[in-house]
There are 2 protein chains.
Amino acid sequence: MENKREIFHLLMRRFGLLDKNCCSVGNFEISPIQSHILYEIDKQYGPSMQQIAEALAMDITTFSRQIQTLVKLDLVKKTPSSQDKRVSILSLTVQGKFVATSIDHAINSYLDEVFSHMNEFERETVIRSIKLLNEAMSKSTFCCTPLD
Amino acid sequence: MENKREIFHLLMRRFGLLDKNCCSVGNFEISPIQSHILYEIDKQYGPSMQQIAEALAMDITTFSRQIQTLVKLDLVKKTPSSQDKRVSILSLTVQGKFVATSIDHAINSYLDEVFSHMNEFERETVIRSIKLLNEAMSKSTFCCTPLD
DNA sequence: TAATTTTAGTTGCATAATGCAAGTATCAGT
DNA sequence: ACTGATACTTGCATTATGCAACTAAAATTA
């Protein structure tokens, strides 16, 4: 079969660029990493620092500092857990939610535009394929275990 | 339709992790960026600095320094062009070629393992889908133009 | 030919990201 | 109460990043 790495590599680079370009909302210049953090916080329910750091496969010390920045920017709020005073529960502020939603819309509308170059059958096939890939990758023992 | 960003995000993160984990070959601790540089140099024919930097959508100054490191590691060679003495032609050293090939094998065998969780029909569908996606993304006016 | 502008690449900052080691505070088990 | 584990934070030291300013060599123009 043909060289798989080649085609995946190209795909990844394109998404990487999308990530780079997507992330300025209004006055906020958000880095890709910060955008990912907002995304994960928004997705999970009352997550701790550890949970998000692990979801993003990030070193906890680097993550800690990123969160400090996001708190200063008033995009993220840190609330000490009442159950366990060691843990901080992360949540988005109103602004944070706004930024996260804006980025989400920007990326989804970009994806819509990309998919508009396909017919309905292709669209469905591609979506199904990506899901298949995700499942297959999660079954793999080789790499990338931290992801569910 | 469902949230496309979600499934692509997951896929991207997995590949990002693969990139992080793949890149130590023997004694060489290669960063993902360096691995991408080796990959591009290997792919193109007698490329200049600019060409590779642009292919990777990298700032030329950062790239210049990355190349300096790779030259010191004896993975890349810089040859002044005889046609235009301003340009440096990049090539892989024997070691560089070895490292690039090793990484290529590692990633491809990981992908093979991933694809082993599918049947033949699914495999073909997924590969075709990725190609379709690449084509669609290259048609998009929205983002990520530097890529061919 | 000489003067000017462009281009290819390098360096000098200043800033951000990274991760290990070591710290503090809290919790859980004995 | 004592010990060890857990959740984070901070102190470095290293690397990555990109703008501005540089050198050298084309290419363009006069």
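Heavy atoms only: backbone and side chains are in, while hydrogens, waters and symmetry mates are out. In the text below, chain A, chain B and the rest are named by the order of the sequence lines, each starting its count at 1.
Rounding to whole angstrom units, CD of residue B:Q50 and P of C:dT7 are separated by 10 Å. Rounded to an integer number of Å, the gap from A:L70 CG to C:dA17 C1' is 13 Å. What separates CD1 of B:I33 from P of C:dA16 is a distance of 19 Å, to the nearest Å.
With sequence neighbours excluded, the residues forming a side-chain contact (heavy atoms from CB on, under 4.5 Å) with A:S88 are A:M49, A:K78, listed by chain and number.
Note on A:T69: nothing from the nucleic acid sits closer than 4.0 angstrom, heavy atoms only. Using a 4.0 Å heavy-atom distance criterion, A:K78 is classed as a sugar-phosphate-only contact.
For residues 48-105 of chain A, no residue pair satisfies the ring-ring contact (aromatic ring centres under 6.0 Å, His included) rule, not counting sequence neighbours. For residues 84-106 of chain A, every residue pair satisfying the salt bridge (Lys or Arg N to Asp or Glu O under 4.0 Å) rule, not counting sequence neighbours, is listed here: A:D42-A:K97, A:D84-A:R86, A:D104-B:R5.
In this structure, the separation between CD on B:E6 and CD1 on A:I130 is 13.0 Å, given to the nearest 0.5 Å.
For B:I67 and A:Q66, each mapped to the nucleotide of DNA chain C holding its nearest heavy atom, the one lying further toward the 5' end belongs to B:I67. Along DNA chain D, the nucleotide nearest to A:M49 and the one nearest to A:K20 differ in position, and the one closer to the 5' end is contacted by A:M49.
The backbone N or O of B:I37 lies less than 3.5 Å from no partner atom in the side chain of B:E40, so there is not a single donor-acceptor pair. Listed for the B:T93 side chain is a donor-acceptor partner under 3.5 Å among the backbone atoms of B:D74. Although no hydrogens or angles enter the test, the distance criterion places no donor-acceptor pair under 3.5 Å between the side chain of A:R13 and the main chain of B:A57.
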I need a per-nucleotide contact map over nucleotides 20-30 of chain C, read 5' to 3'. Cutoff is protein heavy atoms under 4.0 Å; write B for the base, S for backbone only, - otherwise. BB---BBS---
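B:F121 belongs to no hydrophobic cluster with other residues, because no ILVMFWY side-chain heavy atom falls under 4.5 Å from its own, directly or through intermediates.
In summary, contact between chain B and DNA chain D, defined as any nucleotide atom under 4.0 Å from a heavy atom of the protein, begins and ends at D:dA16 to D:dA26 in the 5' to 3' direction.
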